[in-house]
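Please read these numbers as outputs of a predicted model, since none were measured by experiment.
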Amino acid sequence: MHDASEPATDAANHDGISEIIAEFSEVFAFARTRWARYAEEVDPELKGIGIMMLQLILRKGPISATGISQMLDMDKAMVSRQVTKLRELELVDTQPAAEDRRVVLLTPSPKAEELLGAIRQKWAHAYHERFADWSPGELEQLRVSLHRFNASADGMSSEPFGPRRGRDPRGESDGAGSTPTGVDSADPPPQ
């Protein structure tokens with residue numbers, strides 16, 4: 001049996017999702033602006049994406065430049081330039097991977113850990129200001145909802161229309177011209 005309210009519900013859901021996407025866009029814009037500002041404080045030549053990569057290295061490291069490229073869906077050349085800058089600033093340490101010495105793994109330096117700690121404090125302060133008039137219940141509801149939303153992405157392709165040609169969803173080669181995960185000439189040489 002067909003429910004006459006279904007089209008109206010679908011339209012309302014579509015409008016609601018459109019509004020959520022718009023709100024996420026504003027959050028991303030706020031985050032990009034903050035990361036760019038924090039990066040400039042570290043070094044005028046460092047980009048916001050460099051600080052984001054450093055944060056990723058801290059959370060997921062040791063990680064290769066290929067891994068960063070795949071996780072952030074970024075061009076390997078851009079990742080390589082940012083990694084080079086992070087190394088020049090002594091924010092990233094390198095080591096060869098035990099399973100394949102050609103692969104260089106990146107880890108945050110003690111200097112980077114200190115820097116990111118200070119950035120997290122600034123970041124937290126900015127959010128504390130924005131959440132000043134929120135109740136503990138509202139904050140918990142947002143945390144639970146965001147966690148649920150982020151967890152729903154596990155196992156989903158990060159590509160909006162499926163994986164790119166040349167790699168499977170795990171980022172491994174399918175023989176169509178890309179390199180295996182972790183082996184990358186864009187990885188910087190060990191120090």
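- When the options I68, L91, L116, L105 are evaluated for a side-chain contact (heavy atoms from CB on, under 4.5 Å) with I57, the one that passes is I68.
- Applying the 6.0 Å contact sphere to CZ of F149 captures no more than 12 heavy atoms from other residues, nucleotides or ligands.
- S80 places no side-chain N or O within 3.5 Å of a backbone atom of K76 that could act as its donor or acceptor partner.
- Not one N or O on the side chain of T94 forms a donor-acceptor pair closer than 3.5 Å with the backbone of V104.
- Both I20 and L146 sit in one connected hydrophobic cluster of ILVMFWY residues. Membership requires side-chain heavy atoms under 4.5 Å apart, directly or through other members.
- In terms of modelled atom types and a separation under 3.5 Å, the side chain of K111 and the main chain of L89 share a donor-acceptor contact.
- Within a 6.0 Å radius of CD in E113, more than 12 heavy atoms belonging to other residues, nucleotides or ligands are found.
- No more than 12 heavy atoms of other residues, nucleotides or ligands shown are found within 6.0 angstrom of CD on Q141.
- Note: the hydrophobic cluster containing F24 does not contain V144 (ILVMFWY, side chain heavy atoms under 4.5 Å, direct or indirect links).
- Within a 6.0 Å sphere centred on CD of E40, other residues, nucleotides and ligands contribute 12 heavy atoms or fewer.
- Atom CZ of R148 is surrounded by 12 or fewer heavy atoms from other residues, nucleotides or ligands within 6.0 Å.
- Using modelled atom types, no side-chain atom of S69 and backbone atom of A65 make a donor-acceptor pair closer than 3.5 Å.
- E41 has its side chain within reach of R37: a pair of non-hydrogen atoms, C-beta onward, lies under 4.5 Å apart.
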